[in-house]
There are 2 protein chains.
Amino acid sequence: MATLSAAGRRDAESRDYNANLAECPGHQLLATLSDKWVTLVLSALADGPLRYSGISRIVAGASQKMLTQTLRKLERDGLVARSVTPSVPVRVDYELTALGESLLPVQRAIKTWAETHIEDVATAREAYDQR
Amino acid sequence: MATLSAAGRRDAESRDYNANLAECPGHQLLATLSDKWVTLVLSALADGPLRYSGISRIVAGASQKMLTQTLRKLERDGLVARSVTPSVPVRVDYELTALGESLLPVQRAIKTWAETHIEDVATAREAYDQR
DNA sequence: CAGTATCCGTCATGATACTG
DNA sequence: CAGTATCATGACGGATACTG
């Protein structure tokens with residue numbers, strides 16, 4: 001068969017796009033940064049190292065599952081360092097790596113845009129909604 | 001009742017956190033920016049106005065539903081302007097607003113960080129995975 | 001203290017079909 | 001051309017219970 005059905009072509013394009021997206025550094029970063037808990041954990045650690053319980057106190061809304069999952073992800077990406085002190089009971093400290101700290105300015109840039117323009121967005125939404 | 005159960009307290013904290021997050025400008029922006037299709041549509045329009053079909057050609061992997069949904073969201077937030085020409089058949093043009101364009105530098109900043117540090121992340125992941 | 005294991009509801013995504 | 005409507009599914013977050 002030389003030709004592809006329209007559906008077949010769409011499928012192929014879709015696969016290509018998804019594959020490209022998955023590999024795109026920018027999108028990977030956005031996926032990480034936009035994670036609800038990632039944001040909070042990162043800012044919690046911005047002020048210095050914390051123990052597991054410390055983080056969970058600051059990021060009060062996180063379930064254990066989400067907190068651990070988030071910390072593992074950040075550790076895997078080299079943004080956060082995890083150090084275990086094998087006392088009884090064990091003590092685990094988390095802190096930002098240099099890589100993790102280099103992300104803070106980006107976070108700030110986003111925050112700045114948001115704070116600067118949130119009013120405009122809110123206004124636009126109101127205008128759009130009652131119409 | 002003066003006291004709350006542990007579960008009750010967690011619930012309350014969770015509600016507070018989620019409410020705060022939902023209102024947090026930074027997180028709203030991140031939620032928008034990290035959307036797969038938002039990113040692509042925004043960069044498609046960065047080069048100038050496009051018609052619906054033009055966007056769908058460039059952002060080839062998007063279903064009609066997702067494309068329309070994304071465009072509506074962007075329009076609602078005032079990032080994109082939609083103009084209908086009531087010819088037969090109808091013609092609809094989309095273009096970035098000033099607000100939308102002001103977002104492009106932020107996108108670039110993210111892209112730059114990602115491209116600069118993606119290697120480090122990849123290395124960290126490898127180190128973490130085979131362990 | 002710092003997790004792991006498991007189950008379950010919801011919610012967004014995307015495929016398909018239809019329309020002014 | 002530029003959408004809207006509907007439906008299935010699958011990933012994800014959260015609650016709960018258990019452990020070294």
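Keep in mind it's a predicted model, so treat the numbers as computed, not measured. Within every chain, numbering begins at 1; the chains are lettered A, B, ... in the order of the sequence lines, protein sequences first and strands thereafter.
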request  = Apply the side-chain contact (heavy atoms from CB on, under 4.5 Å) test between B/L30 and each candidate in A/T39, A/V38, A/D35; give the one that qualifies.
outcome  = A/T39
ask   = Does any nucleotide pair with D/dG20 by Watson-Crick or G-U wobble geometry, both distances under 3.5 Å, and what is it?
value = C/dC1
message = Which residue is it: A/V41, A/L50, A/L71? I am looking for the one with a side-chain contact (heavy atoms from CB on, under 4.5 Å) to A/Y94.
response = A/L71
key: Separation of C/dA12 P from B/D35 CG (nearest whole Å)   = 11 Å
inquiry  = Rounded to whole Å, how long is the line connecting atom CG of B/L71 with atom C1' of D/dT4?
reply    = 14 Å
query = Once you round it to whole Å, what is the distance between P of D/dG13 and CH2 of A/W37?
reply = 10 Å
Interatomic distance where CD1 belongs to B/I55 and P belongs to D/dC1 [whole Å] = 14 Å
ask   = Between A/R51 and C/dC1, is there a side-chain N or O to OP1/OP2 distance below 4.0 Å?
value = no
query = The side chain of B/R82 lies closest to which of these nucleotides: D/dA2, D/dT6, D/dA15?
reply = D/dA2
5' precedence on DNA chain D between A/S63 and A/P89 (nearest-nucleotide basis) = A/S63
task = Find the distance B/Q69:CD to C/dA15:P and express it as a whole number of Å.
result = 14 Å
Out of D/dA2, C/dC1, C/dT13, whichever nucleotide has its closest atom nearest the side chain of B/K65 = C/dT13
message = In this structure, how many angstroms lie between the C1' atom of D/dA11 and the NZ atom of A/K73, rounded?
response = 13 Å
For atom CG of A/D93 and atom P of C/dA2, their distance in whole Å = 8 Å
Closest-nucleotide 5' rank along DNA chain C - winner of A/T68 and A/V90 = A/V90
inquiry  = By the 4.0 Å heavy-atom rule, please label A/S53 as base, sugar-phosphate, or nothing.
reply    = sugar-phosphate
task = Using atom CG of A/L50 as one end and atom C1' of C/dC1 as the other, report the distance to the nearest whole Å.
result = 15 Å
